[in-house]
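See structure below.
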Amino acid sequence: MYTHLKTESRGQVALLTISAPQSLNALNSTILGEMNDYLDHFDASLHRCLVITGEGAKSFVAGADISEMATLDAAAGEAFGRLGASVFRKVETLACPVIAAVNGYALGGGCELALACDIRICSDNARFGQPEVGLGIIPGFSGTVRLARAVGMGMAKQLIFTGKPIRSDEALRIGLVNAVVPQAELLDRALELAAQIAAQAPLAVQAAKKCINSGWDLDADEAIAFENRAFGRCFATEDQKQGMRAFLEKQKYEFQGK
Ligand code: CO8
């Protein structure tokens, strides 16, 4: 059992709540270690989608823990950055889709965690920002890499160079989030979206995630060839056979992930 993570199953959807409300869910090495363990043991044959949120109505994650970072030297800072970056990479490359339900502050490492997720939806009181340069550091959990990919280089540079947070409506405008919903509805809306994903053929969803992520880093010809191989492998699944049979016979089929 974890001290700062709450884990639940909602049918085929897993819900992970980061819970350190006294520090607005700031990420220290204990929490990052727990997340690492959770992700290492995540079974995508049991859960078809993961929703990550923060405890309470005020903060998703208010950043990496400043009290832990304050006395680090260069080597320890690099090691701490490596730990966070490796945990977030596990989020990004988790077999199934991950939705960030951003319920308030997503600052520094919190914004970077949201960026590592496949889809972000947020509450109307959410605030996003990369305030690191105001602390004498840079986004160190891969924010310089992922923010530019999400919102474009100019907007990423503005957010990172000024450290100024933005509100949920601006986050929606620049494409940082897919949707803004009232705070009280956030978790239900995130779980609804997750359930829609979970109802699809899970191996196909996983293959699509892999193609989109891998294709981003490849040139177009390689990305298309990668997709083509993945497309072919879909035809070796029971879900493809049953899914197409059910369509042609005008029936419903519950995908088995086989
Ligand atoms: N780290 C540690 N403690 C925090 C953090 C944090 N990131 N954020 C909030 N807290 C604590 C506060 O110190 C306070 O504790 P206490 O009650 O003991 O005084 C408690 O949470 C409540 O916070 P506030 O009283 O400040 O609440 P407010 O409503 O007044 O303000 C804010 C909320 C605006 C979110 C404010 O707390 C704030 O600005 N927090 C810091 C935000 C920030 O700068 N985040 C970025 C941190 S740096 C980072 O994430 C780098 C990631 C890459 C790391 C690379 C490693 C090398």
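Every number for a ligand or one of its atoms is a count from 1 in the order of the listing.
Protein residues with a heavy atom under 4.0 Å from ligand 1 are Gln22, Ser23, Leu24, Ala26, Lys58, Ala62, Gly63, Ala64, Asp65, Ile66, Met69, Gly77, Phe80, Gly81, Tyr105, Leu107, Gly108, Gly109, Glu112, Pro131, Glu132, Leu135, Ile137, Gly140, Phe141.
Scored by the side chain to side chain contact (heavy atoms under 4.5 Å, CB included) test, Asp221 finds Asp219 as partners (sequence neighbours excluded). Residues that satisfy the side chain to side chain contact (heavy atoms under 4.5 Å, CB included) test with Glu34, not counting sequence neighbours, are Tyr2, Thr3, His4, Leu5, Thr30.
Phe128 and Ala171 make their closest contact through CD1-CB, 3.7 Å (heavy atoms, listed as atom of the first residue, atom of the second, distance).
Hydrophobic cluster membership for Ile197: Val13, Leu15, Val51, Ile99, Ile119, Ile121, Val181, Leu186, Leu187, Leu191, Leu193, Val205 (Ile, Leu, Val, Met, Phe, Trp, Tyr linked by side-chain heavy atoms under 4.5 Å, directly or transitively).
For the 3.5 Å distance criterion, the side chains of Asp65 and Ser67 qualify, holding a donor opposite an acceptor.
Put simply, the residue from Arg127, Arg120, Gln130 that forms a side chain to side chain contact (heavy atoms under 4.5 Å, CB included) with Cys111 is Gln130.
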